[in-house]
Structures are given as C-alpha cells and as structure tokens.
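In what follows, a structure is listed as structure tokens, so that the remarks can point back to it.
Start at 1 with the first residue, then count along the sequence. Predicted model only: the values in this text are computed from it and were never measured.
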Amino acid sequence: MNKLSACSSMACGISLQPKMVLASLRVRKQGNGRCTNVPRNVNLEKLQNNYLFPEISKRELQHLEKYPNAKVISLGIGDTTEPIPEQISLSMANYAHALSTADGYRGYGAEQGNQALRKAIAETFYKDVAIKDTEVFVSDGSQCDISRLQLLLGSKVTIAVQDPSFPGYIDSSVIIGQAGDFQDKTGKYQNIEYMQLGPQNNFFPDLTVTPRTDIIFFCSPNNPTGHAATRKQLQQLVEFARDNGSIIIFDSAYAAYISDDSPKSIFEIPGAKEVAIEISSFSKFAGFTGVRLGWTVVPEELLFSGGFPVIHDFNRIVCTCFNGASNIAQAGGLACLSPEGFQAICAVIDYYKENAKILVDTFASLGLEVYGGVNAPYVWVHFPGSKSWNIFAEILEKTHIITVPGSGFGPGGAEYIRISAFGKRKHIIEASWRLEKLFSKGKPLFNFLK
C-alpha cells in the first residue's frame with residue numbers, strides 16, 4: 001500500500017445520507033447488551049453529522065482496496081507535515097529527560113499555564129494591543145477550548161456562525177443544547193444563525209440583515225475559505241457586537257499565514273476587548289498538531305450582562321475541567337517564541353505558503369474559480385452546480401488525490417472543495433500535474449458532475 005500523505009485526521013462534520021443514519025440506528029437496536037435505564041443525551045440525538053475526516057479516511061481505504069498500487073496524495077485534512085525545527089523539539093526532549101531526575105521532575109503545573117509561556121504569548125502576539133499575561137490561558141488546543149467556552153456560555157445563549165465554517169462550532173453548540181432541530185431541507189439547525197460567506201459578499205457576512213445573537217463564532221483567516229477579514233470588516237463586526245451586546249469568539253488559529261495588512265488579532269480593533277474572546281493554537285503555527293498546545297485570551301474588560309467579569313468564570317471552568325497543558329508541550333511552546341525558534345517556524349510557514357501558491361496557480365490556470373491560498377494554507381475551489389461529494393469522488397477516482405468536500409463545512413460549501421497546502425513540495429507538484437492532466441481533456445470537470 002502506497003500513500004503520499006500530506007495530512008491526517010481531525011474532527012469535523014459531514015451530513016450523513018438518510019440510509020446511513022437508519023443503518024446506524026439498526027446496528028444499535030440489534031446490540032446484545034442489556035439496556036440500562038439511562039436515556040441518551042437528547043442533544044446528541046440531534047447531531048446530524050458524523051466526523052468528516054474519519055469518513056474521508058474510510059473512503060481513502062476503500063480506494064486503496066480498489067487500487068492497491070495507487071500512490072494516493074492526501075491534500076485533504078489540515079495536518080502539518082514538515083518536521084518541527086530541531087531547537088524546538090530538543091527543548092521538549094531535554095524537559096522530558098529532566099523529568100527522570102530529582103532536580104528536574106515536575107508534577108502538576110498551573111491550570112492557566114506556565115507563567116513564562118503566558119507572558120511570552122502576550123509579548124509576542126499582543127504586545128501592541130496591551131493584552132496582559134494574566135488574560136492568557138494556555139490549553140491543549142483551540143478545539144478543546146471551544147468546548148470549554150461552550151461550558152462557560154451554557155445552553156441558553158443564541159449563536160451565529162459563518163457559513164461555511166469549522167464544524168466544531170456547530171457540533172459543540174448542538175451538544176450543549178443551544179440548537180434546535182435539524183432541518184433537512186436547508187441543511188441547517190434551528191436557533192443557529194448561519195452567516196453566509198461567498199464571493200458575492202467578499203466572504204464577509206452582510207451584518208445589516210444579520211439578526212442579533214448572544215454569541216458570534218468568527219474565524220479569520222477562515223477555515224475553509226482561506227479569507228482573512230480586512231480591518232474594515234472586523235471594525236464592522238466589533239461595532240455590530242457592541243451595538244447588540246454580543247460576544248465574539250474569534251478563532252485566529254491561522255493568523256501566522258496572513259501575508260497582507262489584515263489584522264491577526266481581533267484585539268487590534270478598538271473596543272474589541274469589551275466584546276471578544278480570542279482562541280488560537282500552536283498547531284498550524286508551529287506544527288504542534290500532535291503535540292497539542294493552544295491558548296485563549298479573555299480580557300478583563302469583557303463583562304456579562306450583570307457586570308460580572310467573564311474571565312473569572314472562565315478561570316473557574318479551566319480549574320474545574322482541566323489540569324493544565326503538558327509541561328513538555330509548554331517547554332516546546334516557549335522555544336517556539338524564542339528569537340531563533342520563531343525564525344525557524346516562520347521559514348516552515350513560508351514553505352506551506354509557497355505550496356498554496358502552486359495550488360492556486362494550478363486551479364486558476366485550469367479556468368476554475370479559486371479562492372484562499374494567500375492568507376491561509378487552504379485553497380477553496382468552486383464547481384458551480386456540482387455536489388461537493390461528487391467532486392471529491394471524481395477527483396479521487398481519476399487522480400488518486402484526497403480533497404475535502406465543502407459541504408462538510410456547512411450548506412454554504414455545497415459546490416466547493418477544500419485543498420490543503422500542508423504537504424511535501426514534491427507531492428504538491430505531482431498533485432498539480434495530475435490535476436492538469438485531468439482537466440486537459442477539454443471538458444470542465446464540473447460539467448459532468450452535476
């Protein structure tokens with residue numbers, strides 16, 4: 001079995017076909033185990049989505065069973081592929097080795113994170129916006145923090161999400177009890193406001209027609225579209241939140257890939273400290289997808305409606321539900337933010353950005369509508385009138401390339417596929433050649449995928 005892997009799995013959602021859902025229910029009903037008297041969580045029963053990327057992995061295995069000698073190139077799941085710079089991995093190795101000594105052994109750390117790392121994050125990413133180190137909470141990744149924030153917010157709040165967007169926002173909202181029933185006709189949940197993104201509105205929602213919600217999940221650069229909101233757009237978002245008394249959950253996991261003057265933090269916008277929380281990660285910034293390290297910033301100025309500081313409740317959630325990030329991972333995080341480590345990481349980011357440029361140029365040369373790939377490691381390709389799972393299947397069958405169907409990110413992605421720029425350069429070039437060969441047959445792919 002040959003596999004040229006540019007990615008591995010992470011958690012997201014896809015809409016299962018009705019037959020697949022019924023089949024799954026039948027399997028559970030036929031179980032031989034004795035039932036307890038404990039009912040299933042009704043919120044979990046509402047989930048219409050299974051994890052997207054395990055489903056893609058399953059289809060990849062099926063493809064390899066059909067074509068055992070195929071050299072599959074995975075440009076789907078957003079997992080980094082380049083080695084962590086040696087000075088960073090060495091710092092983690094040294095810390096781990098020190099744990100075997102009496103002087104170097106350490107047990108529990110502070111739930112909020114190593115104080116030196118909190119300070120380094122504040123000084124590296126938020127120096128110009130005066131975020132304090134005490135407002136930084138180190139975690140085991142931004143996806144985990146999304147769930148902790150949902151515990152903080154509770155089931156009674158209303159939420160808005162970008163469409164398309166990372167499915168974790170919606171799934172966690174369903175599980176915590178914020179969502180209503182799923183609507184098959186629209187592919188949306190009741191009680192969730194879907195803010196449509198597309199080329200028609202420069203991938204930024206029309207806030208003049210967006211209803212007020214308590215919480216606004218907003219990712220910039222956006223996963224999957226790759227669009228980084230401009231300063232003007234984020235000013236509109238902050239003003240919208242301030243006018244409505246809403247809280248923005250701002251996901252800046254891909255900020256390190258911004259190449260233009262788009263803000264890398266929501267706190268660059270005046271007034272944002274009173275209406276926003278920011279989550280971020282070392283995963284795509286430093287290749288820590290498997291190491292697991294992230295952070296959340298909760299400003300002291302952010303208050304609930306009754307005047308109680310949000311930071312106090314979030315601190316309680318962290319202390320109750322989390323014992324702190326791995327000390328070894330935090331040692332790596334400190335090394336990432338040293339002058340030498342930061343320079344080495346930026347070189348790796350530039351490598352992925354060049355990969356993205358190659359992919360963008362390839363799709364553009366084929367006459368396809370392509371977005372992203374400039375301020376993010378993702379390329380978002382439009383196939384008008386086509387279904388994204390059909391596009392995924394056709395590309396896999398004809399080129400042995402794994403992509404991601406856009407519908408996995410919400411109904412707004414139904415005619416798109418997402419391509420990841422995480423991969424070895426030779427695999428990116430090989431994938432581009434295969435795609436050019438597929439499209440060179442003289443008939444646009446989307447014409448026979450409808």
*Kindly indicate whether the side chain of S262, heavy atoms from C-beta on, has any atom under 4.5 Å from the side chain of R231.*
no
*Say you draw a straight line from SG of C319 to CD of Q112; how long is it, rounded to the nearest 0.5 Å?*
4.5 Å
*For the pair E55 and K58, find out whether any cationic side-chain nitrogen is under 4.0 Å from an anionic carboxylate oxygen.*
yes
*asked:* For K353, I'd like to know if atom NZ has over 12 heavy atoms of other residues, nucleotides or ligands within 6.0 Å.
replied: yes
*Go through I146 and F166 one step at a time and tell me if the side-chain contact (heavy atoms from CB on, under 4.5 Å) criterion holds.*
CA-CA 11 Å; I146 290 171; F166 178 58; 4.0 Å; yes
*Charged tip of R148 within 45° of F314 ring normal and under 6.0 Å*: no
*asked:* Just verifying a value: how many Å separate N223 CG and D251 CG, rounded to the nearest 0.5 Å?
replied: 8.0 Å
_Short side-chain to backbone donor-acceptor contact, E278 and V297, under 3.5 Å_ = no
*Should the ring pair F250 and F218 be called parallel, tilted or perpendicular, given that the plane angle runs from 0 to 90° and is split at 30 and 60?*
parallel
*So, S388 versus S407: side-chain donor-acceptor pair below 3.5 Å or not?*
yes
*Determine whether the aromatic ring centres of F203 and Y371 lie less than 6.0 Å apart.*
yes
_Quick check against the 3.5 Å criterion: does T80 have a side-chain atom that pairs as donor or acceptor with the backbone of E82?_
no
*Are any of the side-chain heavy atoms of I170 and I192 separated by less than 4.5 Å?*
yes
*Among pairs that include at least one residue of residues 318-337, which meet side chain to side chain donor-acceptor pair (under 3.5 Å), considering only residues two or more places apart or in two chains?*
R316-T320
_Distance check, rounded to the nearest 0.5 Å: I358 atom CD1 versus S432 atom OG?_
6.5 Å
*Apply the side chain to side chain contact (heavy atoms under 4.5 Å, CB included) test between I401 and each candidate in V72, L435, I419; give the one that qualifies.*
L435
*Report yes if the side chains of I176 and L151 come closer than 4.5 Å at any heavy-atom pair, otherwise no.*
yes
*Taking the inter-plane angle between the rings of W389 and F392 on a 0 to 90° scale, is it parallel (under 30°), tilted (30 to 60°) or perpendicular (over 60°)?*
perpendicular
_Salt bridge R425-E354, side-chain N to carboxylate O under 4.0 Å_ = no
*Looking at CG of L334 and CG of L293, how far apart are the two atoms once the value is rounded to the nearest 0.5 Å?*
9.0 Å
*asked:* Using side-chain heavy atoms (C-beta onward) and a distance below 4.5 Å, is I215 in contact with L153?
replied: yes
*Check step by step if salt bridge (Lys or Arg N to Asp or Glu O under 4.0 Å) holds for E430 and K71.*
CA-CA 10 Å; E430 170 68 17; K71 294 183 178 180; over 6 Å; no
*Within the 6.0 Å centroid threshold, strictly below: Y378 and Y254*: yes
*Within 6.0 angstrom of E86 CD, more than 12 heavy atoms from elsewhere*: no
_Are Y67 and H400, when compared by the centres of their aromatic rings, separated by less than 6.0 Å?_
yes
*asked:* Counting C-beta onward and ignoring hydrogens, is there a side-chain heavy-atom pair between V291 and I84 closer than 4.5 Å?
replied: yes
*Kindly confirm or rule out a cation-pi arrangement of R418 over F409, judged by NZ or CZ under 6.0 Å from the six-membered ring centre and within 45° of its axis?*
no
*State whether the number of non-hydrogen atoms from other residues, nucleotides or ligands found under 6.0 Å of Q343 atom CD is greater than 12.*
no
*Non-hydrogen side-chain atoms of F282 and R292 separated by less than 4.5 Å*: no
*Specify whether F285 and F125 have parallel, tilted or perpendicular ring planes, treating 30° as the upper limit for parallel and 60° as the lower limit for perpendicular.*
perpendicular
_Is the shortest side-chain heavy-atom distance between I248 and I277 below 4.5 Å?_
no
*So, K387 and E415, do they make that salt bridge, N to O below 4.0 Å?*
no
